[in-house]
Number of protein chains: 2
Amino acid sequence: MLIEHAVTAADKLFYQLRKDIVEGVVAAGSKLSEAELASQYQVSRAVVREAINRLSTSHLIERKANVGARVVSLTSAGLDELYQVRESLEGMAARLAARHMPVAEIQALEALLDSHLSKVKGEHSYYQEAGDVDFHYRIVVGSQNKQLINLLIDGIYHLVRMYRVQLGMAGPRVTTAFDEHRNIVRAIADRDEELAELLMRRHITYSKHHIQLKLA
Amino acid sequence: MLIEHAVTAADKLFYQLRKDIVEGVVAAGSKLSEAELASQYQVSRAVVREAINRLSTSHLIERKANVGARVVSLTSAGLDELYQVRESLEGMAARLAARHMPVAEIQALEALLDSHLSKVKGEHSYYQEAGDVDFHYRIVVGSQNKQLINLLIDGIYHLVRMYRVQLGMAGPRVTTAFDEHRNIVRAIADRDEELAELLMRRHITYSKHHIQLKLA
DNA sequence: GAGCGCTTTATTGTCGACAATTTATCCATG
DNA sequence: CATGGATAAATTGTCGACAATAAAGCGCTC
């Protein structure tokens with residue numbers, strides 16, 4: 001997983017807030033008061049404002065002039081829209097990864113799946129969280145399209161995680177998702193662009209249905 | 001075209017800077033000095049910083065901590081990456097527009113093309129600028145996917161325009177693009193999702209090739 | 001003369017205070 | 001009692017000054 005090093009105070013608060021929002025520590029739909037956050041985190045309002053501004057890049061908040069910022073709400077329609085975009089972009093990422101991903105990175109990805117396999121047998125919890133994120137993350141990077149990488153990694157991924165974390169994602173899907181990952185990597189290793197995109201889109205569709213069960 | 005009403009001082013500066021960057025008044029690759037901009041536009045550094053932060057959402061600048069912000073540079077590779085993403089997203093927008101766009105909006109879009117047709121015969125300049133932007137804009141809105149709308153309208157569209165404006169876009173393409181628009185609208189009116197996406201993707205590919213001639 | 005380290009300069013980051021705007025409260029009026 | 005408007009409170013927007021960091025300039029050493 002990528003390590004984002006916080007150099008400035010606004011960085012730290014931004015990462016902290018993003019984490020808290022994704023994990024629901026700061027509730028969805030709640031208002032972000034600048035003064036409140038400033039005293040709570042012991043920083044000036046300037047850094048709070050900067051952190052909030054950056055959160056809007058991740059589509060985690062909505063800001064209105066002279067009114068303030070609110071954490072986005074999680075809705076069924078919102079999940080649909082998000083996953084439509086995600087399917088399109090990540091499908092393309094898988095296609096481009098099949099075209100451009102260096103063999104070294106592909107082998108590393110296969111090794112990652114191997115390490116996941118052993119862990120899946122024991123504890124189910126690890127895999128579906130960090131493991132799945134890491135898997136998708138590597139494929140996106142493998143696409144070698146900076147525009148796409150930014151859009152997904154800095155953008156909608158966090159909102160995706162927010163839906164997944166807060167609406168839960170347990171059950172038998174853990175292991176079936178693993179097989180889907182296997183097949184996607186195989187398609188990439190075979191440089192089969194069509195299949196890689198198809199499998200990735202299908203994988204994401206399954207994932208959406210799984211989340212929607214909780215939402216409906 | 002959507003009217004973005006500037007309510008705060010940071011809004012105004014943001015829109016102004018975005019316009020200046022897209023049109024090349026502020027050169028691509030140049031550094032954005034906070035102090036310089038503050039005195040130049042007669043505002044405090046706080047609003048300059050806020051405006052610059054928002055520009056990064058549009059992918060028009062790159063910011064490094066403790067160093068500053070630079071306007072992005074226009075490269076051939078960057079154009080490729082941008083248009084790969086654009087093709088994917090706008091292709092999907094056309095597909096969703098064919099599925100969801102209200103008939104009233106479709107008729108308005110057809111009327112818009114009619115009005116363009118008459119103007120194309122006389123002066124070529126109008127159509128390719130505002131006309132084309134307006135056309136794509138309406139289809140994206142017609143998709144009725146907020147996530148997608150934000151990504152395109154507030155995001156990569158401005159970078160797309162930056163490439164087009166600064167690398168030029170003259171020549172015989174003006175009229176052929178008009179026919180492509182016609183066919184896309186027809187597919188949407190026919191609710192033919194597959195064809196709408198296909199034609200949109202092709203349309204964007206043509207557009208890219210046309211720009212690349214200037215860049216190579 | 002080239003390269004390294006220190007000092008100086010310039011630029012960004014952070015802070016607290018004030019201004020402008022919105023929201024809440026309260027009183028008057030029908 | 002509901003409603004509307006004026007006032008008061010709270011919140012965001014903007015400002016100028018100071019702190020921290022990075023870049024530039026300078027002298028020293030080899």
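Lettering of chains follows the sequences in order, A, B, ..., and the numbering in each one begins at 1.
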**Report entry** K31(A) atom NZ, neighbour heavy-atom count above 12 within 6.0 Å
**Finding:** yes
Report task. Check every strand shown and say whether L32(B) touches a base, only sugar-phosphate, or nothing at a heavy-atom separation below 4.0 Å. Result -> sugar-phosphate
**Report entry** Carboxylate-amine/guanidinium contact R63(A) E50(B), below 4.0 Å
**Finding:** yes
Query raised in the report: What residues, two or more places apart in sequence or in another chain, satisfy side chain to side chain donor-acceptor pair (under 3.5 Å) together with R99(B)?
Result: E193(B)
Requested in this report: Produce a footprint string for nucleotides 13-23 of chain D: one letter per nucleotide, 5' end first; B if the base is under 4.0 Å from any protein heavy atom, S if only the sugar-phosphate is, - if neither.
Outcome: BBB-B---SSS
Report task. Kindly check if the number of other-residue, nucleotide or ligand heavy atoms within 6.0 Å of CZ (R202(A)) is above 12? Result -> no
Query - Those residues that, when tested against E23(B), pass side chain to side chain donor-acceptor pair (under 3.5 Å) (two or more places apart) - result: none
